[in-house]
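Quick note on labels: first sequence line is chain A, next is B, and so on, each numbered from 1.
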Amino acid sequence: MRDTDAEFTDFVRAQSPALLRTAFYLTGDPGLAEDLLQTTLTKVYLHWPKIDARSAAPAYARRTMVNTATSWWRRYAWHREKPRDDVPDRNGPDEYDGLDERAHLIATLRRLPARQRAVVALRFLEDRSEAETARLLGCTTGTVKSQTSRALARLRQDLKADTYHLIEEDR
Amino acid sequence: MTPQTTERIKQVLTAEAAALLPPTNLAEKVIKRGRRLRRVRSTAAAVVVVAAVATAVAIPIASLNGPDDQAPAAGVIREGELVTVNADPGGPRLSTAEFDKWYAGLSQGAGPRLPYAAGGYVIDGAVRVRMPAITTRQVIAPLGRVNGGWLLAAQKTGLEWETRVITYGILTTKGDFRQLAQGRLLGVVISPDRTQVAYATAEPRPTAVVVDVASGKTVASTPVQGDDAKPIGVRWWNPSGVWLDTAQGSARWTPGSPPDAALGRTVRAPARESELLQDRDGNCDRLLDPDGSPRIQYCGFSDPGTLSPKGTTFVTADGRAHGVYQPRDVQLQLIAGFSLGNASWEDDRYLLLSGSSKPNLLIRCDVTTGGCEAVPTDRRITHPPVN
């Protein structure tokens with residue numbers, strides 16, 4: 001194995017758990033997250049010799065992943081599941097509420113358009129600043145702010161509209 | 001959105017994400033795929049320069065450049081005499097009202113002929129058995145029928161795999177739960193005759209273990225080579241044997257004998273009654289013979305397809321049912337909103353699918369005609385039917 005391949009292998013071992021989490025935040029689906037991770041890393045590998053500073057590789061990989069996820073969404077969204085505005089019927093509360101809540105929250109997040117989901121993932125799940133999120137998304141901080149605002153409004157609307165009342169809202 | 005809401009979403013998604021593990025040999029897979037793409041690119045460039053036939057070749061290749069590019073386009077990957085079926089995605093995109101109208105218009109079929117979980121019960125035909133009580137942050141799910149009951153798995157979520165506690169056990173039709181194993185466990189599979197289960201454990205050393213369902217006794221075990229990036233696991237059990245996930249890729253293990261040499265890559269053995277294996281490479285699904293040699297491939301799909309239990313039909317992500325051994329191509333009468341992600345085969349003819357956003361809506365599709373019908377269930381489904 002060439003040295004560059006050894007370096008790349010080290011990079012994958014070190015970064016793949018965190019990148020897989022990001023992929024899951026972006027897709028909301030474990031299988032898609034794995035596909036997104038592999039596609040992203042393949043692209044990084046193709047450009048590996050051109051990435052001069054190895055310390056820049058994680059950010060490059062994240063940006064590639066966000067762009068790939070957005071691209072996938074654009075090209076395949078019509079072909080895949082249709083976001084729904086309603087939620088499954090349910091009976092009274094029992095010890096399985098936690099399972100329902102998890103599935104519901106993930107479904108709610110998946111309803112967001114790819115760009116808004118990416119903003120939520122980077123800003124709130126990975127605790128990145130507006131400036132860093134803007135750099136990763138290749139847009140301005142103003143765009144990050146507006147996308148964040150729209151995403152939160154959409155989440156608020158969806159979560160308020162549901163019949164679960166699992167999450168306390170402003171009164 | 002309140003800080004509590006943000007925190008709750010973060011907590012839930014972080015817990016789900018923490019349970020994910022990168023695939024085995026990820027770097028090796030990526031490097032192999034990357035080298036192949038480089039070869040394709042350099043070949044394409046030469047063709048462009050010498051023969052000036054840029055359009056047909058360079059467009060799919062050019063799409064691989066830069067952070068905004070795509071997975072390989074359909075038809076880029078070709079090996080040997082493989083028969084390639086390229087994607088022709090289709091299907092209507094419906095509004096919520098149209099979706100509901102479509103579902104309401106389906107004919108009503110019989111209930112699922114596979115077990116599923118709803119409201120804390122395993123439901124299997126007319127039988128309903130209460131699952132053991134669970135605690136907060138723990139997920140419990142039926143994984144399939146075994147002799148005398150069902151295999152259940154329970155795990156605490158939100159923890160890294162190093163500390164995650166998993167329990168496998170048998171729930172009998174009388175409602176008794178018998179634990180088979182607990183600890184840092186790495187997958188469990190059911191034998192084709194449903195009399196045994198195989199699981200992998202990381203402690204005290206990486207080992208695959210086969211347990212007899214009736215007696216609970218260990219009948220075979222083998223040490224398995226793992227690596228630091230990804231521990232070993234058991235992935236599938238088909239008529240060829242138990243398929244182990246090792247540091248060197250998938251390896252077939254016949255309990256009682258040492259495992260065969262690993263294939264060098266990770267594959268799936270998705271059909272309980274067929275020896276065919278399934279490999280995912282880029283946007284292609286490949287069906288392989290037990291020695292890893294490719295038989296047929298289906299390309300152009302962002303999501304993997306599903307193989308019927310006996311291996312006679314492969315349904316691609318666009319909802320087309322392809323005959324594996326006989327020429328057949330049937331478009332299932334599906335709409336967006338039902339994906340193959342939660343699909344389960346009742347047998348080689350009937351496929352159950354649940355709604356992506358509405359998992360309590362089940363449909364049954366006949367892969368020989370393409371027709372689909374609604375399937376009545378307990379509406380509190382927490383885990384879809386499993387074969």
Taking all atoms of both residues into account, what is the closest heavy-atom pair of B/L26 and A/L41, and its distance?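 Between these two residues, the closest heavy atoms are CD2-CD1, 3.5 Å.
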Shortest non-hydrogen contact from A/L37 to B/P22?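 The pair with the smallest heavy-atom distance is CD2-CB, 4.5 Å.
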Using the salt bridge (Lys or Arg N to Asp or Glu O under 4.0 Å) criterion, which residues pair with A/E132? Sequence neighbours excluded.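 In terms of salt bridge (Lys or Arg N to Asp or Glu O under 4.0 Å), with neighbours along the sequence ignored, A/E132 is linked to A/R128.
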Would you call B/K32 and A/D5 a salt bridge, taking side-chain N to carboxylate O under 4.0 Å as the test?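 No, B/K32 and A/D5 are not salt-bridged.
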Does some side-chain heavy atom of B/I31 sit less than 4.5 Å from a side-chain heavy atom of A/T9?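 Counting from C-beta outward, A/T9 and B/I31 do come under 4.5 Å.
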All ring-ring contact (aromatic ring centres under 6.0 Å, His included) counterparts of A/Y25, not counting sequence neighbours: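 With neighbours one apart ignored, the set is empty.
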Part of A/Q38 lying under 4.5 Å from any heavy atom of chain B: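 When you check distances to chain B, atoms from both the backbone and side chain of A/Q38 fall under 4.5 Å.
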Best-contacting candidate, A/A121, A/A23, A/P17, against chain B by heavy atom pairs under 4.5 angstrom: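 Sorted descending by pairs with chain B, the first entry is A/P17.
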